[in-house]
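Below you'll find the structure, written out as structure tokens, and then a few comments.
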Amino acid sequence: MKSIVKARKVFLMLFAFHLSLVVILTGCGYKPSSFYAKKKIQGSVYVHVVINLEEPKNSVLVKDALNEIVVGQFNTKLVSKRSLADTVLTVNLSSVGNQELQKDKDGYANLYRTNVNITVAYAGPNGNGTTSVSGSYVFSVVAGSTISDAKRFEAIKIASSKAFEEIVSKFAVESFKKDEVKGDKNKTK
């Protein structure tokens, strides 16, 4: 009986805490970063990837990762032709590298980090610009084996996704700064 009473008290305290948090965040005008990031990428989006001649497969992986971010984070429609787009994202895979992090007792590398550096240029209704992002992914291989192409491509795609998550943050900061400048100009009028 006492445990039921305690469980009810804990439930009520958690409910009150969450309700208070919601009231505070909505009352103070809190807006998530995705709200500001969506101001940079509006309307339909065309993604153009500059193919890296040394690693053409990686460029395709990068495009897939960006497409997932554009649809998932910005909630926009992808188009297949540049002429149909409101916003154009041009992606250039600057560099891809693998780094050994750890070796086993026999001297074979069994833990790696894949680093990806990407440059994104955007042109849309809210201006143009360029930003650079990077992402990394740590993965292991079976003792005594080498990195397979499938494992390498998976690592590049995941590292690219992590890099593009950084784009959401950068776009949010840029949009927030523009809103802040506009707000300051309106206050002086």
Side-chain angles (χ1 to χ4, degrees), residues 25 29-99 112-139 147-186:
L25 290 178
Y30 169 78
K31 293 177 186 167
S33 62
S34 62
F35 171 83
Y36 292 101
K38 288 178 184 177
K39 288 183 175 188
K40 186 70 65 181
I41 305 296
Q42 291 184 345
S44 55
V45 177
Y46 175 75
V47 176
H48 171 70
V49 175
V50 178
I51 302 296
N52 184 336
L53 296 178
E54 294 174 8
E55 304 243 14
K57 288 183 182 179
N58 293 342
S59 298
V60 173
L61 295 172
V62 168
K63 183 172 183 172
D64 290 345
L66 181 59
N67 287 345
E68 290 174 11
I69 294 291
V70 167
V71 171
Q73 294 286 331
F74 296 113
N75 197 24
T76 59
K77 178 183 166 191
L78 290 172
V79 294
S80 59
K81 294 182 181 176
R82 186 183 294 253
S83 60
L84 300 174
D86 299 314
T87 302
V88 176
L89 297 174
T90 304
V91 180
N92 187 1
L93 181 61
S94 304
S95 66
V96 175
N98 285 317
Q99 177 183 12
Y112 293 89
R113 175 186 295 128
T114 297
N115 297 309
V116 175
N117 295 308
I118 301 169
T119 303
V120 179
Y122 54 91
N126 290 326
N128 304 332
T130 303
T131 188
S132 295
V133 292
S134 60
S136 63
Y137 176 66
V138 176
F139 63 98
I147 303 173
S148 67
D149 279 347
K151 191 75 166 173
R152 185 172 168 269
F153 292 143
E154 177 189 4
I156 291 168
K157 185 172 182 180
I158 293 171
S160 299
S161 293
K162 289 182 177 187
F164 289 130
E165 289 172 3
E166 188 180 328
I167 283 183
V168 175
S169 301
K170 285 189 172 192
F171 284 173
V173 168
E174 288 176 16
S175 294
F176 181 76
K177 285 181 180 178
K178 282 185 180 178
D179 280 359
E180 201 173 66
V181 169
K182 286 179 186 176
D184 289 345
K185 286 181 182 178
N186 290 337

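Numbers here are sequence positions counted from 1. In this text, all values refer to a predicted model and were calculated from it rather than measured experimentally.
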task: Please test V91 against K63 for side chain to side chain contact (heavy atoms under 4.5 Å, CB included), starting from the C-alpha separation and ending with a verdict.
output: CA-CA 8 Å; V91 180; K63 183 172 183 172; over 6 Å; no
- request: Check whether any side-chain heavy atom of V45 lies under 4.5 Å from a side-chain heavy atom of K77, and answer yes or no.
  value: no
message: Nearest 0.5 angstrom please: N98 CG to K151 NZ, how far?
response: 12.0 Å
field: OG-OH distance between S83 and Y46, expressed to the nearest 0.5 angstrom
entry: 9.5 Å
- prompt: Roughly how far, to the nearest 0.5 Å, is CD of E165 from OG of S160?
  reply: 11.0 Å
- prompt: Are the side chains of V50 and T90 in touch, meaning some heavy atoms are under 4.5 Å apart?
  reply: yes
Partners meeting side-chain hydrogen bond (donor to acceptor under 3.5 Å, both in side chains) with S148 (sequence neighbours left out): none
- request: Identify the residue among L93, V96, N67 that makes a side chain to side chain contact (heavy atoms under 4.5 Å, CB included) with V62.
  value: L93
Side chain to side chain contact (heavy atoms under 4.5 Å, CB included) between F139 and T114, intermediate numbers included: CA-CA 8 Å; F139 63 98; T114 297; 3.2 Å; yes
- prompt: Which distance, rounded to the nearest 0.5 Å, do you find between the OG of S161 and the CG of D64?
  reply: 9.0 Å
- prompt: Does the side chain of Y137 reach to within under 4.5 Å of the side chain of K162, using non-hydrogen atoms?
  reply: yes
- prompt: If you measure from CG on L89 to CG on L78, what distance do you get to the nearest 0.5 Å?
  reply: 9.0 Å
- request: For N117 and S95, test the side chains for any donor-to-acceptor distance below 3.5 angstrom and give the result as yes or no.
  value: yes
- prompt: Does D86 reach the main-chain N or O of S44 with its side chain, forming a donor-acceptor pair under 3.5 Å?
  reply: yes
field: Distance (rounded to the nearest 0.5 Å) between F153 CZ and I158 CD1
entry: 14.0 Å
- request: For the pair E68 and K157, find out whether any cationic side-chain nitrogen is under 4.0 Å from an anionic carboxylate oxygen.
  value: yes
